[in-house]
Enquirer: 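My questions all concern the structure below.
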Amino acid sequence: MILPPRSPNPKELEATLLRVFLKVIDLLGGPRAMAEKRRLTWAASLMTAAYAVVLAQEAMWSDEAIAKELGLSTAAVRQILRADPETALKKVTEMAEGEGLRTHVAGGLAKAAYRAIRQGQEEPRVLGYFLERFVEMMGIPWAVLVLKAVKGLDFPVNKETLLERLRGLRILDRPAEEILERLEYPVQNPAELLHQVRLHLEA
């Protein structure tokens, strides 16, 4: 039986997918390391695995629904979603240059990447660049201003550092200093900063 999938915001879903994919590349050592080990051809499989993991975790889609959406067999989707992240990470270190990527290994890497972003383990500069593009696409002007103000900062950051960068900025007609006084510190990354600011704006 194919369960009817939830329909989360498509832009948010795509945002999470891109973050997971970027983290997978990071776990593999980055684009240069992948090129040196002749692994650039893995990109399509990694994106597919990341998509399957995000649909399962964020949208709660069934194996059958994911298979239909991605043009995969249900068995392949199950291999991705039931893969063990630690086993996959270990397997990658043992693989020869140019060796093909098996479905369960791609799945394990995607699950490891998803877990990492949910734990806040993202490269701040990469995440910052991505967030700038995303908030511009979503039409959130205050978030664009905040991200531009903190661009180049090394996270995690404390209150004094953020006050120095955001002093004088108004966020939805509220002084940034007022909002920063209420945040929890240290702030681990730009995504957490936007999240905390948004919570106080909505309070």
Enquirer: List the atom of Val20, the atom of Ala50, and the distance in Å for their closest heavy-atom pair.
Expert: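 Closest pair (atom of Val20, atom of Ala50, distance): CG1-CB, 3.8 Å.
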Enquirer: With no hydrogens and no angle check, is any side-chain donor or acceptor of Glu177 less than 3.5 Å from a backbone partner on Gly168?
Expert: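 Answer holds: yes.
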Enquirer: Mind checking the NZ-CG spacing from Lys91 to Leu109? Nearest 0.5 Å is all I need.
Expert: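 Between atom NZ of Lys91 and atom CG of Leu109 there are 12.0 Å.
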Enquirer: Please check: side-chain N/O of Lys23 versus main-chain N/O of Leu18, any donor-acceptor pairing under 3.5 Å?
Expert: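 Not at all, since once roles are kept as given, no pair shorter than 3.5 Å links the two residues.
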Enquirer: Going by salt bridge (Lys or Arg N to Asp or Glu O under 4.0 Å), name the pairs with one or both residues in residues 74-84, residues two or more places apart or in two chains.
Expert: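 For residues 74-84, and leaving out neighbouring residues, the salt bridge (Lys or Arg N to Asp or Glu O under 4.0 Å) pairs sorted by first residue read Asp63-Arg78, Asp63-Arg82, Glu64-Arg78.
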Enquirer: Just jot down the salt bridge (charged side-chain N to carboxylate O under 4.0 Å, His left out) partners of Glu94, sequence neighbours excluded, or say none.
Expert: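 Glu94: salt bridge (charged side-chain N to carboxylate O under 4.0 Å, His left out) contacts with Lys90.
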Enquirer: Quick check: does any side chain N or O of Arg170 sit under 3.5 Å from a backbone N or O of Asp173, one acting as donor and the other as acceptor?
Expert: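 The answer is yes, because a donor-acceptor pair under 3.5 Å joins these two groups.
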Enquirer: Checking His200 side chain against Arg182 main chain: does a donor-acceptor pair fall under 3.5 Å?
Expert: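 Yes, the answer is positive, given that a donor and an acceptor are paired below the 3.5 Å cut-off.
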Enquirer: Decide yes or no for Trp142 and Val197: does some side-chain heavy atom of the first lie under 4.5 Å from some side-chain heavy atom of the second?
Expert: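 Touching, per the 4.5 Å side-chain cut-off.
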Enquirer: In the structure I gave you, are the side-chain heavy atoms of Leu153 and Arg165 within less than 4.5 Å of one another anywhere?
Expert: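 Sidechains of Arg165 and Leu153: in contact.
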Enquirer: Are Leu172 and Leu199 connected into the same hydrophobic cluster when the rule is that any two of I, L, V, M, F, W, Y join if their side-chain heavy atoms are below 4.5 Å apart?
Expert: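 Cluster IDs for Leu199 and Leu172 differ.
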Enquirer: Using a cut-off of 6.0 Å, state whether more than 12 heavy atoms not belonging to Arg115 lie near its atom CZ.
Expert: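 Result for CZ/Arg115: enclosed.
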Enquirer: Between Gln196 and Leu193 (side chain of the first, backbone of the second, donor and acceptor by atom type, cut-off under 3.5 Å), is there such a pair?
Expert: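 No, the answer is negative, given that no donor and acceptor are paired below the 3.5 Å cut-off.
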Enquirer: Does the side chain of Phe155 come within less than 4.5 Å of Glu192's, by heavy atoms?
Expert: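 In short, these two side chains do not touch, never coming nearer than 4.5 Å.
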Enquirer: Only pairs at least two apart or in different chains count here, so list each side-chain hydrogen bond (donor to acceptor under 3.5 Å, both in side chains) that has a residue in residues 155-164.
Expert: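 Qualifying pairs: Asn158-Thr161, Lys159-Glu181.
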Enquirer: Do Arg118 and Glu58 meet the salt-bridge criterion of a basic N to acidic O distance under 4.0 Å?
Expert: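 A salt bridge links Glu58 with Arg118.
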Enquirer: Compare every heavy atom of Leu101 with every heavy atom of Ala106, then report the nearest pair and how far apart it is.
Expert: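 For Ala106 versus Leu101, the nearest heavy atoms are CB-CD2, 3.7 Å.
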Enquirer: Quick check: do Leu17 and Val53 have side-chain heavy atoms less than 4.5 Å from each other?
Expert: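 Counting from C-beta outward, Leu17 and Val53 never come under 4.5 Å.
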Enquirer: Would you give the length of the straight line joining atom CZ of Arg102 to atom CD of Gln79, rounded to the nearest 0.5 angstrom?
Expert: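 Here the rounded value is 7.5 Å.
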Enquirer: Return the CD1 to CD1 distance between Ile66 and Ile80, rounded to the nearest 0.5 Å.
Expert: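 Here the rounded value is 8.5 Å.
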Enquirer: Do the non-hydrogen side-chain atoms of Leu28 and Trp42 ever get within less than 4.5 Å of each other?
Expert: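 Yes, close enough: below the 4.5 Å cut-off.
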Enquirer: Does the side chain of Thr103 come within less than 4.5 Å of Leu72's, by heavy atoms?
Expert: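 Of all side-chain heavy-atom pairs linking Thr103 with Leu72, none is under 4.5 Å.
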Enquirer: Rounded to the nearest 0.5 Å, what separates atom CZ in Arg167 from atom CG in Leu162?
Expert: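 Reported to 0.5 Å precision, the distance equals 11.0 Å.
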Enquirer: Could you grab the distance from atom CD1 of Ile171 to atom CD1 of Ile179, nearest 0.5 Å is fine?
Expert: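 The distance works out to 4.0 Å.
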Enquirer: Could you check if a side-chain atom of Val187 sits within less than 4.5 angstrom of a side-chain atom of Pro156, using non-hydrogen atoms only?
Expert: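 Counting from C-beta outward, Val187 and Pro156 never come under 4.5 Å.
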Enquirer: Shortest non-hydrogen contact from Leu166 to Ala149?
Expert: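 Smallest heavy-atom distance, with atoms named: CD2-CB, 3.3 Å.
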Enquirer: I'd like to know if the side chain of Lys111 reaches the main chain of Ala83, judged simply by a donor and an acceptor atom lying under 3.5 Å from each other, with no hydrogens or angles considered.
Expert: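 Present.
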Enquirer: A side-chain contact here means heavy atoms from C-beta on lying under 4.5 Å apart; do Leu180 and Tyr185 qualify?
Expert: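 Result yes, sub-4.5 Å side-chain heavy-atom pair found.
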Enquirer: Looking only at heavy atoms, what is the nearest atom pair of Pro85 and Ala112, with distance?
Expert: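 Closest heavy-atom pair between Pro85 and Ala112: CB-CB, 3.9 Å.
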Enquirer: Quick check for you: to the nearest 0.5 Å, what is the distance between Asp26 atom CG and Phe21 atom CZ?
Expert: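 The CZ atom of Phe21 is 12.0 Å from CG of Asp26, to the nearest 0.5 Å.
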